[in-house]
Amino acid sequence: MSKDAFYLFANWKMYLDHAESVALAKELKQQMTQLAASMRVAVFPSMLAMTAVEHVLQGTSIALGAQNIHWVDKGGYTGEVSGAMCKAVGCTYALVGHSERRHVFHETNQEVRKKIDSLLALGMTPVLCVGETLHEREKNVTEEVVETQLRSAFEGIAWPAGQELFIAYEPVWAVSTGEACDPQEAQRVSSRIYDLVEKLVPSVTPIVLYGGSVRPENVGQYCAQQHISGVLVGGAATKITTWMDIVRAIQL
Ligand code: PGA
């Protein structure tokens, strides 16, 4: 696998309101000159702030993504926003199956697949999140859990030519807890993910990211792992100071 690019994806979750999202996007835009050309950056703001953030980031290389989408383009689905609607305001990416969607909102593997299918039909790029709970890790079934998530997401899928394939390995117990996964262990699971996805979707080279309590102090260790091509960062990407510390640590 090549590491021609390193991906820094920022999941702002429900941390920032409209004004805070716009302020952070403006600061990011100002700091753009410090980014190496090989660094690919995307932000995933709240739906409410999407258009305003898009407006600020227009003309920069920072891409835009949705934290979640509904698979039907339009219809009677109160409270939902479709991939088509996100695409129309400039989103190129969407997170799918984030652990908070799976475990707080009980999103199923079947729904995850429908979202992936819908994003591919729209020409958008899904970023599939997979990972085990603490209970599953303690029962020693991490690989089985991740394999089930990957199989139901990709088995038999017709992957469009030229479409990138992202998976974020995010152990549930490491997300928002401050307890990041040991980098060697993240590498071990990521290489399993890489191998399985290569078999499930032979036409594309998978891009595996690590997510879960990434900080300026540990990001360099994830970058150094063979099968980790980037990071999906939550809390630490919601402040310009820690964001730029992460950028500097990656670029070292
Ligand atoms: P965290 O979140 O960096 O705050 O742990 C990661 C994520 O949810 O993608």
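Each ligand, and each atom within it, is numbered from 1 in the order the structure gives.
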Contact (N/O only, under 3.5 Å) between [X] and ligand 1:
{"X": "Gly212", "result": "no"}
{"X": "Ser176", "result": "yes"}
{"X": "Ser213", "result": "yes"}
{"X": "Gly234", "result": "yes"}
{"X": "Glu100", "result": "no"}

Legend entry - Per-atom contacts, ligand 1 versus Glu170 - under 4.0 Å to a heavy atom: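 In order of number, 6 (C), 7 (C), 8 (O), 9 (O).
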
Inset, instruction - Check ligand 1 against His98 and write out every atom of the ligand that is under 4.0 Å from a heavy-atom position of the residue. - result: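 By the 4.0 Å cutoff, the relevant atoms are 7 (C), 8 (O), 9 (O).
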
Inset, instruction - With the side chain counted from C-beta on, respond yes when Val41 and Phe9 share a heavy-atom pair under 4.5 Å apart, and no when they do not. - result: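 The answer is no, as the side chains (C-beta and beyond) never meet within the 4.5 Å cut-off.
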
Salt bridge between [X] and [Y], side-chain N to carboxylate O under 4.0 Å?
{"X": "Asp117", "Y": "Arg113", "result": "yes"}
{"X": "Lys115", "Y": "Glu111", "result": "no"}
{"X": "Arg192", "Y": "Glu143", "result": "yes"}
{"X": "Glu107", "Y": "Lys114", "result": "no"}

Inset, instruction - Give a yes or no on this: more than 12 heavy atoms of other residues, nucleotides or ligands lie within 6.0 Å of atom NE2 of His55. - result: no

Inset, instruction - For atom 4 (O) of ligand 1, grab the closest protein heavy atom and report residue, atom and distance to one decimal in Å. - result: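 Ranked first by proximity to atom 4 (O) of ligand 1 is Gly235 N, 2.9 Å.
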
Inset, instruction - Could you tell me the residue and atom name of the protein heavy atom closest to atom 2 (O) of ligand 1, and the distance to it rounded to 0.1 Å? - result: Lys13 NZ, 3.1 Å

Inset, instruction - For ligand 1, indicate whether the residue Asn11 contacts it via side chain, backbone, both or neither (heavy-atom separation under 4.0 Å). - result: side chain

Legend entry - Distance-only side-chain donor-acceptor flag, Gln67 / Ser46, under 3.5 Å: no

